[in-house]
Structure formats: C-alpha cells, structure tokens
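Scroll down for the structure; my scribbles are underneath it.
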Amino acid sequence: MPGTPLSSPPTRFAYLGPEGTFAEAALSTVVAPSEGARYPQPSVAAALAAVRSGDADAALVPLENSVEGSVPATMDGLADGALLVIGREVFLPVTMALVSRPGVALSDVRSLASHPHALAQSARWLSANLPGVSPLPATSTAAAAAAVAAGEFDAAVCAPIAAQRYGLATLVDDIADHAGAVTRFVLVAPPGELPPPTGNDKTSLVAVVGDRTGALLELLGEFAVRGISLTRIESRPTRERLGVYSFSLDCEGHIADARVGEALAALHRVCDDVRFLGSYPRADGRENKPVPATAGDPAFAEAAQWLGAIRGTTPS
Ligand SMILES: O=C(O)C(=O)C[C@]1(C(=O)O)C=C[C@@H](O)C=C1
C-alpha cells in the first residue's frame, strides 16, 4: 500500500538537537543509540529539511505537549512542503530540571534560557522562585544547557540528561508546574509503504476548509457518521489571509479501514485540500473506542456488494 516510512527501515535519523534534548531521548526509544546514525539539527524545520533533501531517512520531531499544546513548527512543517508521513508516534514523560555550572547557587542566577515549551511548563515555579529573572528562549532545552556551559547564561531548564551531557550541576531536579507532563513526538519520513493495520491505530491529516457556512461541521460530520472518533483537532492559519484555516487532526483507525478511507475520500470532495499524514500504531497506551457494527469493514463490504448487485456490477 502506498504511504509509510518504516517498511525499508530508516538508518539515518535527524532530530531536534543538540545532544541531550528530549527529542534525542524520544529517538532512543525508537532506535538504540548504537543502531543507525543520528544527525542533531538546530531546529524542527532543519530536521524536516534534512529528510526532504535526502540527507536523513527520517526525523523525530515534537508534535504536542500535554501542558503546552501543539508545537507550531512541526504542525506547519508537516502541513507545507514536500509530503512527509508519520510512521510512528512516541510519548515521552518530560521532567524539567533547573541546571547551572557547578558552584553557582540558585541565588546567583541572573539569566536563564530554555525552549519556550519548557519555560511554559515551568512558568509558575520560575516566577515564584526567580522573580527578577526574565527567561530567554533557546532553540531547544539542550541548546540552552550548552549555552550555560559556555557561560552565556547562568541557568537552563532542560532534561536531566542534558545536565550530564554538558557537565552542569542540577540546582533543582524538577521544577515543572504540572506533574506527569508528556510530550508526543512523531517519526516522519517520505511516503513509502504504510505500517500495516494493528487494530489500534491512528490516522493524521491536515484539511483546509473553505470560507463558507458549516464547513467545519461538514468536516466533523464525515467522521461522526462513520463512527470514527477524533483524538485531536486544532486549527492553524493557512497564511493566505485571515479567515482561511487548515485543521490538523488525528482520528482513531487506519486508512486501510473502510470507514477511515471513505471519510478521507469524502473530505477530499468537500474540503479545499486534504493532506494525508499517515496511519500508524497508537502508542499512548490507550485503546481505540469500540467501532459500531454498522461502521466495521464487514458492514461496508456487505453494503458495497448490495449496491453492486443493484447496479448489476457484482453478483448478488
Ligand atoms: O528542547 C527539547 O529538548 C525538545 O525536544 C523540544 C521540546 C518541545 O518542542 O516541546 C520537547 C519536549 C519538552 O516539552 C520541551 C521541548
């Protein structure tokens, strides 16, 4: 079937670097550090570009966080440019450590940096405990740790592994405002062969709806009438003009399932544009909702046969 990255296993992996990011930790859950080559990139856009140019086979990029929401660079990077398809999702629990050079005390911290998502996840702690310090954005949590090691800032918010990687000392080992935060990463690659259906899959897509009454309801209806549950939906500007949006969404099921295939075909008819971003095994430890008997593959096959018999195209 046309479409997944992982049938010829990727061996060259791009990820949001430098070494010590949460993205690297997520990649290690997909492929052992000893297997394959890893190419840390300065940004999500650069990681996606490395795959599009053929310098890497696949990229592991953050898609959303349970506290801070979606990662716009990934949403937009997958919605635009040459098609990249998700072959796998990874959920990584994230712990935010406050780190500094050895010998620096919390009371010495005058400057601090991290990835905006990490700063947002620790915002309350930082304003309560470092009220005079204005946090500065870095391209990643590990980039902030490396900058602290280089003397550019006094402290960084990063993964505990980044402190080890850059020889930093941990001032406070967990400053996250919400315990149990999780970041969802996706492994993307050029279209190839799809991962086979497992019975517990998700499908991702981006749909651009026209500026007309009921367009979003129409989009949602195509899923609802086929018994398909959505697991995420959010809007992004298309950047064309105000009022025209694309919807990035995940639904339960695999494109090989009749109901999902038919829903996407219906979207293709009613939306201005639909980009299929992959069907892959669900990895958040949850089970897809039971599919009503009227929405299962046998029901679709039986209905197609019934229609074919009426039209005289298949035997009754
Ligand atoms: O900076 C990193 O370490 C990343 O992997 C990026 C990222 C993100 O984009 O959300 C990943 C997980 C954390 O939520 C904070 C930052």
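From a predicted model like this one, the values you see are computed outputs, not experimental measurements. Counting convention: from 1, in listed order, for ligands and their atoms alike.
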Are Asn129 and Val172 packed together at the side-chain level, in the sense that at least one heavy-atom pair is separated by less than 4.5 angstrom? no
When you compare ligand 1 with Phe22, is there at least one nitrogen or oxygen pair between them that comes in under 3.5 angstrom? yes
Which protein heavy atom lies closest to atom 16 (C) of ligand 1, and at what distance to 0.1 Å? His115 ND1, 3.7 Å
So, do Leu98 and Val157 sit near enough that their side-chain heavy atoms are less than 4.5 Å apart? yes
Which residue supplies the protein heavy atom nearest to atom 10 (O) of ligand 1, what is that atom called, and how far is it? His117 ND1, 2.7 Å
Looking only at distances, can you tell me whether any N or O atom of Thr141, backbone or side chain, sits closer than 3.5 Å to an N or O atom of ligand 1? yes
Would you please say whether a donor-acceptor pair under 3.5 Å links the side chains of Arg184 and Thr74? no
What atoms of ligand 1 come within less than 4.0 Å of a heavy atom belonging to Asn65? 14 (O)
For Thr203 and Ser279, which I'm curious about, is there any donor-acceptor pair between the side chains at under 3.5 Å? yes
Between Asp154 and Ser100, a side-chain donor and acceptor under 3.5 Å: no
Is Thr21 in polar range of ligand 1, meaning some N or O pair under 3.5 Å apart? no
Gln121 N/O under 3.5 Å from ligand 1 N/O: yes
Before giving the answer on side chain to side chain contact (heavy atoms under 4.5 Å, CB included), spell out for Leu171 and Val109 the whole-Å C-alpha distance, their side-chain angles and the decisive distance to 0.1 Å. CA-CA 10 Å; Leu171 290 171; Val109 173; 3.9 Å; yes
Please report which non-hydrogen protein atom sits nearest to atom 11 (C) of ligand 1, along with the residue it belongs to and the distance in Å to one decimal place. Phe185 CZ, 3.8 Å
Considering only non-hydrogen protein atoms, determine which one is nearest to atom 12 (C) of ligand 1 and report residue, atom name and distance to 0.1 Å. Thr183 OG1, 3.4 Å
In ligand 1, the atoms that come under 4.0 Å of a heavy atom of Ala23 are 5 (O)
What atoms in ligand 1 come closer than 4.0 Å to a heavy atom of Leu16? 4 (C), 6 (C)
Pick one of side chain, backbone, both or neither for how Ser140 approaches ligand 1, counting any non-hydrogen atom pair under 4.0 Å. both
Using 0.5 Å steps for rounding, measure from the OG1 atom of Thr231 to the CG atom of Leu249. 8.5 Å
Is it the case that the side chains of Thr198 and Arg282 hold a donor-acceptor pair, with the cut-off being a distance below 3.5 Å and no angle test? no
